[in-house]
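So you know, we letter chains A, B, ... as the sequences are listed, proteins then strands, and number each from 1. From a predicted model like this one, the values you see are computed outputs, not experimental measurements. Scope of the values below: all heavy atoms of this structure, side chains included, with no hydrogens, waters or symmetry mates.
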2 protein chains.
Amino acid sequence: MAAGTQPVAGKARLEDVARLARVSRSTASRAITGAPGVSEEARAAVERAARQLNYRPNRAARSLVTRRTDLIGLVIPEPTSRLFGDPHFPRLIRGVNEELAGKDLQLVLFTPQSEQDERRLEGHLGSGQIVDGALFVSLHGADPLPARLAAQGVPVVVSGRPLGAVEITYVDVDNQRGAAVAARHLLAAGRRVVATIAGPRDMVAGQDRRAGYRQAMSDAGLLDRTLEEAGDFTRESGYAAMRALLARRPDLDAVFAASDQMALGAMRALREAGRRVPEDVAVVGFDDSPAAAAAEPPLSSVRWPLDEMAREMTRLLLRAIEDRSLPPRGVLLATRLVPRASSGA
Amino acid sequence: MAAGTQPVAGKARLEDVARLARVSRSTASRAITGAPGVSEEARAAVERAARQLNYRPNRAARSLVTRRTDLIGLVIPEPTSRLFGDPHFPRLIRGVNEELAGKDLQLVLFTPQSEQDERRLEGHLGSGQIVDGALFVSLHGADPLPARLAAQGVPVVVSGRPLGAVEITYVDVDNQRGAAVAARHLLAAGRRVVATIAGPRDMVAGQDRRAGYRQAMSDAGLLDRTLEEAGDFTRESGYAAMRALLARRPDLDAVFAASDQMALGAMRALREAGRRVPEDVAVVGFDDSPAAAAAEPPLSSVRWPLDEMAREMTRLLLRAIEDRSLPPRGVLLATRLVPRASSGA
DNA sequence: TTGAAAGCGATACCAC
DNA sequence: GTGGTATCGCTTTCAA
């Protein structure tokens, strides 16, 4: 290399730093990585040399031997149009970032948009050479990618309890208990004909919330399948389900919807049917989305801690990266009922 | 895929593949990378062996010698809350992905949220060992990061003409011409007192659109500074600006707003003032956002090709990666006026 | 067309 | 504490 002292961008190697600091490459490496067993003197010399040469460790070389990349992947296999419309993701990303703060780990986002994208991504992540581990936010829990990666030895944490018996670490909301609390809340208010608009049967959140509702109703000795109708979490489906329920059980005096959107649709149907909320029919939703508080009347809802979810996922992932032998585990986060006018609060 | 050898995940190296295929590592490497000069026979043997062993090239090792990562960064230094609320980003990402399709390049997203994040990111990207190059979507053009990276030799393309004399490749909308076309459209419709609600002075898009308006007005011999008011692209600022304009120039018969949001705010102010659109005052916006078509009356607007912008940025970046000696350049994309009822179409 | 061998730039083991 | 050196897994001359 040239004899000048010009710090050519990205050109200095550890060897150059070592030479300038008049130490061996080994010592220079220890100083740079902060490893123990380096005299204060040597460390200072190395740091000065590194700064002078504008030294940047070659991450490929480092990864080759450490088998680490210091990159954490966040995979969101959603159509970008939905991804960017959903207010959950910003908070989720913020939560991850908070947990990563001060860790010198860089978060990278992947948003596969097609089967082809997913295959390519599997190749990239599966090599284990791009990220040290990956978080999956899979809204439709059927995505095979996380399980495949986990099988290849890549540390993986997913949001939402996976369908089936996949051996994978996940963090989820305690949907069942949350739904049970909502139903009990309605019962405690004196309601006796408590219907539910459940979620889809093929989604875990739908199943669990339905199970929670049934448990509460069963405990009260009031379980009745004619009080159940299913939707797909959308407002329209909530509207349709409510109309079906009203037709079948005009005597109902409360309804628990497995999502705020469905609850809002239900409220419209109730209004159109001339039922007052909460006087005639009390309503509780799930998610405590902004729309819940803004509704007229304000909608009681079950809140779950998205931020904490993101942080817990990150913590679990970091732990799994530290110790690859850790067995998979599931974590359920508690929900909280936020009572508002729609249930008579 | 039945019984037989058990390919231990991520354990096979090129050497193993070569041995199984009964060729040298060199030949195996050539076969894997698709390099020329390999007999069909050898290639087939290597491919079979690779599949059998579930071989994945170690990307760190490869990068170490090729000095490539096959990763393209997309950096969006926006608060995630804004990022995910803005409908532009999905289309942008889709455009990038389309251009990347079939290239075996993986897109990774970075969303630095703070000064600290940006510094860390500079370190990571600046090493040149994480991405081969980066696209920057910097809504506020003042971000120093792209220029810094470019100075370190990392190929970089930004969206939006940068403020100042930064030597960096960019793609932007031809804001000036678009604004001029909008103003001329109003003039051609017979309007004579054409006001403008301009964008912020410290944003390039604001400056350029104002310049376009002035040029058209000046060409018509109708330039008059009392017809100009500035906003910050938001609906509220458009409302306030319109009120100020009406107070100052009650004789105005048209207004060009530098954003649809401002145009919508202006239309509200006009309605409140008892002016009919377009009979009394014609209105044209900029961006042709979904809100424009949905407005009442539908808003004429200047459309710019977001998808093409994303694709052109990607093309320029790929070219810059191929040939690092390419000088920076700026590309301006044409806009198109979409006339609707608000301007009498 | 093929193979042997020289790196790429770090880390980490092992003497000293 | 420090320094020599093997090593990580791949690509790429250079000869054969």
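- Near DNA chain D, meaning a heavy atom under 4.0 Å from it, residues 35-48 of chain A has Gly37(A), Val38(A), Ser39(A), Ala42(A) in order of number.
- Residue Asn58(B) contributes atom CG, which lies 15 Å from atom C1' of dT11(C) at whole-angstrom precision.
- Counting only distance, with no hydrogens or angles, the side chain of Asp117(A) and the backbone of Gln113(A) share a donor-acceptor pair below 3.5 Å.
- The residue among Ala61(B) and Thr27(B) whose nearest nucleotide of DNA chain C lies closer to the 5′ end is Thr27(B).
- For the side-chain contact (heavy atoms from CB on, under 4.5 Å) test with Ile72(B), the passing option among Thr314(B), Val131(B), Leu318(B), Val108(B) is Leu318(B); the others fail.
- Arg62(A) has its CZ atom 17 Å from the C1' atom of dT7(D), to the nearest Å.
- At least one donor-acceptor pair closer than 3.5 Å links the side chain of Thr69(A) to the backbone N or O of Ile130(A).
- Residue Arg25(A) is in base contact, counting any heavy-atom pair closer than 4.0 Å across all strands shown.
- In this entry the distance linking CG of Leu14(B) with C1' of dC10(D) reads 7 Å, nearest Å.
- Here the nucleotide nearest the side chain of Ser24(B), chosen from dG3(C), dT11(D), dT2(D), is dG3(C).
- For Arg67(B) and dG9(C), the shortest distance from a side-chain N or O to OP1 or OP2 is below 4.0 Å.
- The side chain of Arg13(A) lies closest to dG9(C) when the candidates are dG3(D), dT11(D), dG9(C).
- Across all strands shown, Thr33(A) has heavy atoms under 4.0 Å from sugar-phosphate atoms exclusively, and none from any base.
- Residue contacts for Ser29(B): at a heavy-atom cut-off of 4.0 Å it reaches a base atom on one of the strands shown.
- Atom-to-atom, CZ of Arg68(B) to P of dC10(D) comes out at 19 Å; the value is rounded to the nearest Å.
- Atoms CD1 (Ile32(A)) and C1' (dA12(C)) sit 16 Å apart, rounded to a whole Å.
- Contact between Arg43(B) and Arg30(B) at its shortest, heavy atoms only, is NH2-O, 4.0 Å.
- The two atoms that bring Ala42(B) and Thr27(B) nearest to each other are CB-CG2, 4.0 Å, heavy atoms only.
- Comparing Leu64(B) and Val23(B), the nucleotide of DNA chain C nearest to each residue sits closer to the 5' end for Val23(B).
- Atom CZ in Arg59(A) sits about 14 Å away from atom C1' in dT11(C), given to the nearest Å.
- Of all non-hydrogen atoms in Pro162(A) and Tyr170(A), the two that sit nearest each other are CD-CD2, 3.5 Å.
- Residue Ser26(A) has no polar side-chain atom (N or O) positioned under 4.0 Å from OP1 or OP2 of dT2(D).
- In this structure, CD of Glu15(B) is placed 13 Å from P of dA5(C), rounded to the nearest angstrom.
- Atom CZ of Arg315(B) has more than 12 heavy atoms from other residues, nucleotides or ligands within 6.0 Å.
- As rounded to whole Å, 10 Å separates atom P of dG9(D) from atom OH of Tyr55(B).
- A donor-acceptor contact under 3.5 Å is not formed by the side chain of Arg56(B) with the base of dG9(D).
- For Val65(B), the listed nucleotide lying nearest its side chain is dT12(D); candidates were dT12(D), dG3(D), dG9(C).
- Not one N or O on the side chain of Asp172(B) forms a donor-acceptor pair closer than 3.5 Å with the backbone of Leu332(B).
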